[in-house]
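When a ligand or atom number is given, it counts from 1 through the structure's own listing order. Basis for what follows: all heavy atoms, side chains included, without hydrogens, waters or symmetry-related copies.
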Amino acid sequence: MNNIVSNIHSIRKRILNACKNANRNPLEVKLLLATKTVTAQNIAIALHAGETLIGENKIQELKDKFETLKSIPHQSHFIGHLQSNKIKKVIKYANCIQTVDRLSLAEKLQKRLAYENKSIDIFLQFNTSNEESKFGMQPEHAIAFAQQVKKLDRLNIKGLMTIGLFSAETEKVRKCFRILKNIQTELLETGIAATELSMGMSGDLEIAIKEGATIIRVGTAIFGKRPFPDSYYWNEQRK
Ligand SMILES: *Cc1c(COP(=O)(O)O)cnc(C)c1O
């Protein structure tokens, strides 16, 4: 259990070092704890140690842990593939949805939020690795997609999100993060300020910080290995 706290310290050190090497202000980089399969009790340990941002991949887990965690101040982002039949629940339990990857989903969110007279923060998710197994809008459609979503007044576009290539080849991973950064620049030229860049995980956070990440999402390096490979959490049926 105490591992969690010491692992957080190690990650915080890695963030500081990466910022130093990239000549960036560490205050610009937020740590999001990727908490899939982690018990609410273990998440609470991290929150009590001073962390404030968590991300879940499954609506069921988000819902199951909600009661236990709600009295501890934190923000909860949804970072998994969002099926449109889970919209009501995600709106209820998450503060932000990082995985808006298609217009039909954005439109359904807008409709439900309008009905509830609410709004929500979102990130646009892009597939920068060109892998069939990953979700996310194709980068070449970024401007058109963002402009359509921008019209939906219940959705506040806060940033962009991607999952980089899982690869030991640094330059290939870097390329993914650069694509996301370039999308951000392009969008800014069309008047859309998506200020946050959510990219980088346990294995590649240094590269992501170098390339401009403002949110890194870390699971394994803090909570240990998960019982299933990541494909289990991502290869849900496409809608
Ligand atoms: C699991 C997950 C992470 C964290 O990955 P680790 O390699 O365990 O740090 C980050 N982002 C998303 C979207 C995830 O599903």
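- Taking every heavy atom of N57 and a limit of under 4.0 angstrom, the matching atoms of ligand 1 come to 14 (C), 15 (O).
- Any N or O atom pair closer than 3.5 Å counts here, and M161 shares no such pair with ligand 1.
- Nearest to atom 2 (C) of ligand 1 by heavy atom, out of K225, K36, R217, K58, is K36.
- Looking at heavy atoms from C-beta onward, S119 lies in side-chain contact with N156 at the 4.5 angstrom threshold.
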- Item | T214 vs E28, side chain to side chain donor-acceptor pair (under 3.5 Å): CA-CA, chis, key distance, verdict | CA-CA 6 Å; T214 67; E28 286 173 15; over 6 Å; no
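- Inter-residue side-chain proximity for H77 and L32 is flagged as met; some heavy-atom pair is nearer than 4.5 Å.
- Taking the six-membered ring where tryptophan is involved, the planes of F126 and F145 are perpendicular, since the angle between them exceeds 60° and thus also 30°.
- Heavy atoms of Q98 stay at 4.0 angstrom or farther from ligand 1.
- Contact annotation for T220 and ligand 1: heavy atoms of both the backbone and the side chain come within less than 4.0 Å of the ligand.
- For ligand 1, the atoms sitting less than 4.0 Å from at least one non-hydrogen atom of R226 are 1 (C), 5 (O), 6 (P), 8 (O), numbered in the order shown with element in parentheses.
- Each of the following atoms of ligand 1 lies closer than 4.0 Å to a heavy atom of A34: 3 (C), 4 (C).
- In plain terms, the two heavy atoms of A106 and V149 that are nearest each other are CB-CG2, 4.0 Å.
- Close approach of ligand 1 to V218 (heavy-atom distance below 4.0 Å) involves ligand atoms 9 (O).
- Interface atoms of ligand 1 facing G219, defined by a heavy-atom separation under 4.0 Å, are 4 (C), 6 (P), 8 (O), 9 (O).
- Counting only heavy atoms from C-beta outward, the side chains of L165 and E131 approach each other to under 4.5 Å.
- Between K111 and E107 there is no salt bridge, since none of the side-chain N atoms of the basic residue sits less than 4.0 Å from a carboxylate O of the acidic one.
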